[in-house]
Colleague: 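Take a look at the following structure, please.
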Amino acid sequence: MICLGKVNREVAMQSSPASNDFSEAGPDEIFKALRLPASPDSEWSESDLREMLQHALDAPLVSQVAQTIDEAVRPALEKLTQQTTPAIQCLRDLFKHPQVPRDLLAVVKDFAKVSADHPTRPLPRDLTRVLYYAVIVAAKQQGEDISSLSETSLRKSTRWALEQPWLDADLKELFEKR
Amino acid sequence: MSASPFPSTEWNQVVRGRDALAGLFLRYQKALRAYLLHKQRVPVSDIDDVLQGFVTSQMWEKDLLAKADPSRGKFRNLLLTALDRYVSNWIRHQYAEKRSPGAGAKLDVHRADVAAEPVKDGFDLEWARTVLNQTVTRLRESCEKAGRLDIWRVFEARLLRPILDQTPVPGYAELRRELRLESPAQAANLLTTAKRSYERILRNVIAEYAGNEESIDGEIDDLLNLFAGGA
């Protein structure tokens with residue numbers, strides 16, 4: 001458990017209020033600061049994406065998906081993940097599992113689809129694209145078709161995913177099997 | 001008259017009382033000083049007197065701004081128009097005293113030997129600096145008060161320092177470790193919260209002199225246009 005009070009004390013010691021001053025700022029800095037609310041967030045670095053993907057793959061699947069899509073799907077998700085052998089605890093389990101229930105694959109595909117635009121818990125778009133293609137590929141490998149994506153498009157998307165330097169080894173293996 | 005979405009704006013306070021106006025003057029006096037020096041070229045040694053006289057006579061005695069109609073124009077322009085008028089009268093008064101026999105013969109009423117700078121480099125720049133300093137100070141204070149210095153830290157590291165020092169933007173993964181968060185996504189969520197707070201506070205700071213929502217948007221656009229060339 002993280003102690004927010006301790007974090008606050010540490011941050012207070014590290015931050016320097018005197019240096020956060022616009023008194024010497026020029027027009028360029030003023031412009032950027034005034035435009036801040038409308039500016040897009042800075043791009044995700046390679047290490048951000050690598051770490052976020054690993055976190056997404058290893059976080060408890062039911063909570064992660066339910067919190068993003070709708071808490072109402074939680075009971076159904078719990079049932080679906082427990083009925084498999086071995087049980088699916090996280091997305092990494094799902095991508096390595098030989099027999100994932102079709103409904104579960106479809107829900108995870110929806111999760112990947114909406115994650116980038118989630119109002120409070122958005123994931124980087126490239127990361128959600130990788131998860132989206134990965135679940136479609138995983139479904140295909142067990143003979144399920146959960147997407148209207150053409151073979152050509154899927155092949156192209158798979159190639160794109162494999163080019164991402166932050167791709168996880170398990171997902172790389174999944175995409176390379178295609 | 002329709003109710004303003006910001007009922008406690010400084011404009012309304014101008015009409016209600018003068019304390020808020022005095023607060024505004026104190027807050028933005030650096031901008032007024034820059035204007036007097038660079039635009040009106042008032043000698044440095046006279047600036048304090050001029051400002052004090054302006055506040056006392058124009059704002060308090062004549063209550064000029066209390067009678068002002070917010071719809072007539074931007075507060076910054078109104079303030080400068082009043083200041084221009086005051087300085088003209090002040091100079092006239094100084095000359096008159098100098099000419100009068102036995103008095104004021106040694107008064108120095110020459111204009112300051114300062115090259116006139118574009119307004120952008122003087123009054124507006126100082127004004128915008130004050131707006132941003134107020135915003136950033138209040139953001140930090142609100143984070144401290146709420147016990148959420150993690151929000152402040154992400155804002156400072158990802159947005160503020162790169163603007164002020166041109167330092168590289170640290171990755172979310174780095175901030176996750178520093179703040180002991182569960183994932184970089186959590187750091188990204190903190191940044192979203194910080195940006196929303198920053199925007200709200202920036203608008204509040206501007207609302208204190210600009211007025212309603214429409215005027216706030218207009219003031220932000222105006223300031224952006226003023227500094228767009230410098231970006």
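So you know, we letter chains A, B, ... as the sequences are listed, proteins then strands, and number each from 1.
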Colleague: Counting only heavy atoms closer than 4.5 Å, note whether B/L160 contacts chain A via side chain, backbone, both or neither.
Modeller: side chain
Colleague: Can we say B/E199 and B/R196 salt-bridge, meaning some charged N sits less than 4.0 Å from an Asp/Glu carboxylate O?
Modeller: no
Colleague: Can you tell which of B/T137, B/N189, B/V131, B/N133 has the highest number of heavy-atom pairs within less than 4.5 Å of chain A?
Modeller: B/N133
Colleague: Let me know if A/I30 has heavy atoms under 4.5 Å from chain B in its side chain, its backbone, both or neither.
Modeller: both
Colleague: When only pairs under 4.5 Å are counted, which of A/E24, A/R50, A/E51 shares the most heavy-atom pairs with chain B?
Modeller: A/E51
Colleague: Are B/Q166 and A/E29 side-chain neighbours, meaning at least one heavy-atom pair lies under 4.5 Å?
Modeller: yes
Colleague: Report the option among A/S47, A/A33, A/A59 that has the most heavy-atom pairs separated by less than 4.5 Å from atoms of chain B.
Modeller: A/A33
Colleague: So, B/Y35 versus B/F123, ring centres under 6.0 angstrom or not?
Modeller: yes
Colleague: Where do A/W166 and A/D126 land on the side-chain contact (heavy atoms from CB on, under 4.5 Å) test, with the steps shown first?
Modeller: CA-CA 10 Å; A/W166 41 269; A/D126 282 353; 3.8 Å; yes
Colleague: For residues A/S23 and A/D21, is any side-chain donor paired with an opposing acceptor at under 3.5 Å?
Modeller: yes
